[in-house]
Amino acid sequence: MTARGNAVAETRAEGGRDPVSGLPFPTLDDVRRARPVVDRHLRRTPLLSSPALDERLGFRCLVKCENLQPIGAFKVRGGVVLMDGLSPG
């Protein structure tokens, strides 16, 4: 890992802020609060094995298929949680 990568990892572990956006890193409690919101709006995506990837890496690797979400990306989860927290009107 690079020196910058180490600094980011240490900051994240301390509950710091993202160096680019300045936003606080999510906590485990944040993730737990977001789960029911995400579950209401998005489908659960499977973990699939890939024999070709396993062989290339030398170990079993499971791939999380977020491309099966309606918009084809995992980033939709954060948007759903953000929008759920907005007040109407």
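In what follows, every heavy atom counts, from backbone to side chain, and hydrogens, waters and symmetry copies are set aside.
A 4.5 Å side-chain heavy-atom check between Glu66 and Val76 finds every atom pair outside the cut-off.
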Apply side-chain contact (heavy atoms from CB on, under 4.5 Å) to Thr27 and Arg32, showing your working. CA-CA 9 Å; Thr27 65; Arg32 287 181 176 141; over 6 Å; no
Stepwise side-chain contact (heavy atoms from CB on, under 4.5 Å) test for Leu48 and Lys64: CA-CA 7 Å; Leu48 301 178; Lys64 183 76 168 148; over 6 Å; no
Using the side-chain contact (heavy atoms from CB on, under 4.5 Å) rule, take Met83 and His41 through it: C-alpha gap first, then chi angles, then the decisive distance, then the call. CA-CA 11 Å; Met83 290 176 62; His41 300 285; over 6 Å; no
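Here the CG atom belonging to Asp54 is positioned 7.0 Å from the CZ atom belonging to Arg60, to the nearest 0.5 angstrom. To the nearest 0.5 Å, atoms CZ (Arg35) and CZ (Arg77) are separated by 9.5 Å.
Grouping Ile, Leu, Val, Met, Phe, Trp and Tyr residues whose side-chain heavy atoms lie under 4.5 Å apart, directly or via other members, places Phe59 in a hydrophobic cluster with Leu53, Leu57, Val63.
Under a 3.5 Å cut-off, the side chain of Gln69 and the backbone N or O of Arg43 do form a donor-acceptor pair.
Between Pro24 and Arg17 the shortest heavy-atom distance is CD-NH1, 3.0 Å. Considering all non-hydrogen atoms of both residues, Phe25 and Asp30 come closest at O-OD2, 4.3 Å.
Within 6.0 Å of CZ in Arg56 there are 12 or fewer heavy atoms belonging to other residues, nucleotides or ligands.
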